[in-house]
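Reviewing the structure listed below.
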Amino acid sequence: MRTKPPASPLEARKAATKRAALNALKRARRAADKAGVQLSDWEGEFLTEVGERVKTYGRAFGDPEKGAMGEALSVLQTVKLKEITAKAKGEKKDLKRRPFRRKTRG
């Protein structure tokens with residue numbers, strides 16, 4: 001009975017990153033379902049399509065300028081995933097916008 005040769009450190013890191021991204025996507029969807037939060041159509045499609053791309057290609061973006069080489073999600077995909085997770089947990093922050101004001105001369 002032969003065993004597999006040990007994976008190179010690069011392959012092991014890619015596999016770990018892929019698993020971590022898939023688990024984060026699953027956690028976000030489960031948290032939303034458990035909390036009863038209704039995700040928008042776009043957010044649902046985002047979670048589904050990004051998960052499929054990570055399973056198929058090992059990463060969800062093609063342009064190397066959008067994220068690190070060893071990562072499965074781009075920077076903006078990671079930010080959006082965190083926003084969805086926060087929405088599911090009920091930690092949504094309101095935008096605090098202030099109107100423009102004139103500068104006063106003192």
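All values derive from a computational prediction rather than experimental measurement.
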Does any part of the side chain of E83, heavy atoms only, come nearer than 4.5 Å to the side chain of E43, both counted from C-beta?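 Result no, sub-4.5 Å side-chain heavy-atom pair not found.
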If we only count heavy atoms from C-beta on, is the L47 to L39 side-chain gap below 4.5 Å?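 Yes, close enough: below the 4.5 Å cut-off.
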Rounded distance (nearest 0.5 Å) linking atom [atom1] of [X] with atom [atom2] of [Y]:
| X | Y | atom1 | atom2 | value |
| --- | --- | --- | --- | --- |
| I84 | K89 | CD1 | NZ | 13.5 Å |
| T85 | K80 | OG1 | NZ | 10.5 Å |
| R53 | Q77 | CZ | CD | 6.0 Å |
| E49 | L25 | CD | CG | 12.0 Å |
| T78 | F61 | OG1 | CZ | 8.0 Å |

Under a 4.0 Å N-O cut-off, is there an ion pair linking E52 with K55?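 Looking at E52 and K55, the cut-off is not met.
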Between E71 and R13, is there a salt bridge with N-O shorter than 4.0 Å?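 Result for this pair is yes, salt bridge flagged.
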So, for [X] and [Y], which heavy atoms are closest and what is the spacing to 0.1 Å?
| X | Y | answer |
| --- | --- | --- |
| V54 | A72 | CG2-O, 4.1 Å |
| A28 | L81 | CB-CD1, 3.8 Å |
| V37 | A88 | CG2-O, 3.7 Å |
| K66 | S74 | O-CB, 3.3 Å |

Can you find a side-chain donor-acceptor pair between T48 and R29 that sits under 3.5 Å?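 The answer is yes; a qualifying pair exists.
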Please tell me whether Y57 and L10 are part of a single hydrophobic cluster in this structure, the criterion being side-chain heavy atoms less than 4.5 Å apart.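 No, Y57 and L10 fall in different hydrophobic clusters.
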A quick test of your reading: do over 12 heavy atoms of other residues, nucleotides or ligands sit less than 6.0 Å from CG of N23?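 Yes, enclosed.
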Residues in side-chain hydrogen bond (donor to acceptor under 3.5 Å, both in side chains) with K18, at least two apart?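 Listed in chain order: nothing, the list is empty.
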